[in-house]
Amino acid sequence: MELNRKSLENSFWQQAGFEIPEFDMEQMLDKTYEAPVWVHFGAGNIFRGFIAALQQKLLEDGKAEKGIIAVAPNDNMIIEEIYKPSDNLTILVHLLPDGTLEKKIIASVSESLVGNTDITADWQRLSEIFCKSSLQLVSFTVTEKGYGLTAISGDFLTSVKEDIQNGPESPRSLAAKIASLLYLRYRAGELPIALVSMDNCSHNGDILKESIKTMAAYWLKGGFVEEGYLDYIDNPEKVAFPCTMVDKITPRPSEAVDKTLKELGIQGTKIICTAKNSYLSQFVNAEKPQYLVVEDKFPNGRPPLEEAGVYFTDKATVDKVEKMKVTTCLNPLHTALAIFGCLLGYRLIADEMKDKQLKRLVERMGYEEGMPVVVNPGIIDPAGFIDEVLKQRLPNPFIPDTPQRIACDTSQKIPVRFGETIKTYVNHSTLDAGKLTFIPLVIAGWCRYLIGIDDSGDEMELSPDPMLDELRTYIQGIKLGSADTAGNCLRPLLSNERIFGLDLYQAGLGGKIEGFFCEMLEGRNAVRKVLEKYVI
């Protein structure tokens, strides 16, 4: 049985244990086409396995009549090989800790479009949609890099330079595409809209606004747009950029899940890697816990997503939830497991939670060092959240998430995941940053990781990181088995406020980290011995 709208009429799906849509799909398609309310840029796994499922619940509960229009802004393969062959349907597989699978067909996507001007019909349709007064929100899951205008050097990306020079007619970068479509909406009568980033980055709405506004400002200088367009972008009663916090793990499609689906009799599923290095299939596998907290700023209205479990609140509370998650209750624990998982040869996060020292490390780091300074947002209980992370989410053996994936871009994560907590200790009236043990142990582990030699003494491939070349210059010449080669090599690194958010020596931790690092250099299995010594 292949996944498409026609096949859903067959009893096969219910007999195979799938939950199928219980709303009138044809009616939804017709109404959405005529008067769309929601467009989403970034048609990957987090959208299909989380955001689209939220709207589906509203459709099934009779609290919405329209679906979502999905747009792949830079990856044609997603639309051509995943969406179109399946009539925009997705199989959502929730991987439960007991090994059971919850299987559901997601059918809330009404159209799928390629967001490139060279696909003329799709771009014309997008332009038409953006001029519709019914459109309430445009959301995004394009990763933080998707909003970027500059390279590491600080210079504008080539595509951005061309967009600045050429104006809004044939945009290439995401910022220019959205600015161009938003300009059409402005010219159609300054129609109100909310542009909602749902990417996992701090102050994502502000980042999105800055990206679009920068492009528009250059177009104003070039004479491509009028000053009223910038006033439109800056008017929150016309164009809003709510901040959000999103939390759900949707790893790349699992071969094991694909095998299970095929054994059930489902044909046509395939796991592809697109030209943009995205892994997708007709199914999405995901953990079940999920959180979406949204600043409630929608000048043209919005779907009642609170009925699907979304938290709507003010910007300050969104920021508190994000800090709770990113600086204490989840992200630091993930990074700790990523670093030591790579060093110790693990290939699955869940397997690390069976390791006595690693499990104890993240427990003590979270409960003993993080929770005393945790930010309590009021709408989500930090104690309950971290309990769920440590007892249900990280140990789930059926979530195929790897330490190698999580170790990507660690230099970009450390200032927030560890630096913010250290700064809180430094500025606290009764707490002493110098007494921290587990956070500095993880930082020492990261320095040891950068050498590129695992705990068995073998070379290991380091995960991508934009600062990797610079970081490796700090540890150049340091050798395993010769702690004396470390010298003062770490001082320029540990005192680098750009990396950690503060000087770790001034925080009273530099020497402690150096000590842990030197112990980890003593030879093979030294990392394990350090964990056994300090994590008890």
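With salt bridges taken as basic N to acidic carboxylate O contacts below 4.0 Å, one links E306 and R302. Using a 4.0 Å cut-off between a side-chain N of Lys or Arg and a carboxylate O of Asp or Glu, K325 and E322 do not qualify as a salt bridge. Look at K323 and D319 and you find a salt bridge, because one of the NZ, NE, NH1 or NH2 atoms lies within 4.0 Å of a carboxylate O, short of that distance.
The CD1 atom of I106 sits 7.5 Å away from the OG1 atom of T90 when rounded to the nearest 0.5 Å.
Between F140 and Y147, the ring planes lie perpendicular to each other; the angle is over 60°, past the 30° to 60° tilted range.
Atom CD of E22 is surrounded by 12 or fewer heavy atoms from other residues, nucleotides or ligands within 6.0 Å. Other residues, nucleotides and ligands contribute over 12 non-hydrogen atoms within 6.0 Å of the CZ atom of R125. Residue K359 places its NZ atom among 12 or fewer non-hydrogen atoms of other residues, nucleotides or ligands, all under 6.0 Å distant. When the shell of 6.0 Å around CD of E65 is examined, it contains 12 or fewer heavy atoms from other residues, nucleotides or ligands. Within 6.0 Å of the NZ atom in K145, the count of heavy atoms belonging to other residues, nucleotides or ligands does not exceed 12. Crowding of K84 atom NZ: a count of heavy atoms from other residues, nucleotides or ligands under 6.0 Å exceeding 12. The number of heavy atoms from other shown groups lying within 6.0 Å of CD (E263) is above 12.
Residues L343 and D454 approach most closely at O-CB, 3.4 Å, considering heavy atoms. Across every non-hydrogen atom of F241 and I212, the tightest pair is CE2-CD1, 4.0 Å. Closest approach of D199 to V246, counting heavy atoms only: C-CG1, 4.0 Å. Of all heavy-atom pairs spanning R405 and D401, the tightest one is NE-OD1, 2.6 Å. Considering all non-hydrogen atoms of both residues, K288 and K248 come closest at O-NZ, 3.4 Å.
Between T117 and P171 the shortest side-chain heavy-atom distance falls below 4.5 Å.
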Item to check | salt bridge (charged side-chain N to carboxylate O under 4.0 Å, His left out) between K103 and E19, worked out | outcome: CA-CA 6 Å; K103 306 180 292 294; E19 184 181 337; over 6 Å; no
Item to check | Worked check of side-chain contact (heavy atoms from CB on, under 4.5 Å) between W38 and T32 | outcome: CA-CA 9 Å; W38 188 348; T32 308; over 6 Å; no
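Cation-pi geometry between R528 and F340 is not satisfied (NZ or CZ under 6.0 Å from the ring centre, within 45° of the ring normal).
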